[in-house]
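FYI, the numbering just counts along the sequence from 1. Predicted model, so just to flag it, every value in this text is computed and none were measured.
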Amino acid sequence: KIYLDETKSAVMYVDFLRNINLLVRVSYAGNQAIEGFQIPKTVTVSNGDAIHFQLRIDRYWVNPVLSSQLFVIQPPRLRSS
């Protein structure tokens with residue numbers, strides 16, 4: 001399930017369910033506009049209880065120039081016996 005704010009323009013959190021049981025909740029806070037994108041300042045992942053972790057995002061690279069070589073998968077090297 002995806003939950004939006006009152007304006008229905010920003011995602012507040014996303015629940016991942018199995019049947020009706022909450023498995024994981026991912027919530028977003030402190031949105032900021034960066035080059036036309038709404039980017040959260042923090043992302044929290046929890047199981048709905050006390051177990052969670054939080055990512056604080058300090059820097060973003062929006063639309064970076066990337067080399068096409070970054071996306072080339074090399075064939076595996078054969079092991080010599």
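Nearest heavy-atom pair across T44 and Q54 is OG1-NE2, 3.0 Å.
More than 12 heavy atoms of other residues, nucleotides or ligands shown are found within 6.0 angstrom of CG on L70.
Cluster membership for F16 and V45, using ILVMFWY side-chain heavy atoms within less than 4.5 angstrom, is shared. No path of Ile, Leu, Val, Met, Phe, Trp and Tyr side chains, each step under 4.5 Å between heavy atoms, connects L55 with M12, placing them in separate hydrophobic clusters. Y13 and V43 sit in two unconnected hydrophobic clusters of ILVMFWY residues. Membership requires side-chain heavy atoms under 4.5 Å apart, directly or through other members.
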task = Take I57 and R59 through the side chain to side chain contact (heavy atoms under 4.5 Å, CB included) test and state the conclusion after the steps.
result = CA-CA 6 Å; I57 304 166; R59 288 182 267 164; over 6 Å; no

For residues 17-41, run the donor-acceptor check on the side chains, cut-off 3.5 Å, and write out each pair with its distance to 0.1 Å, sequence neighbours left out.
{"from": "R25", "atom 1": "NE", "to": "D15", "atom 2": "OD1", "distance (Å)": "2.6"}
{"from": "R25", "atom 1": "NH2", "to": "D15", "atom 2": "OD1", "distance (Å)": "3.3"}
{"from": "R25", "atom 1": "NH2", "to": "D15", "atom 2": "OD2", "distance (Å)": "2.9"}

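Going from atom CG of L66 over to atom CZ of F71 covers 5.0 Å, rounded to the nearest 0.5 Å. Atom OG1 of T42 is separated from atom CZ of R56 by 10.0 Å, given to the nearest 0.5 angstrom.
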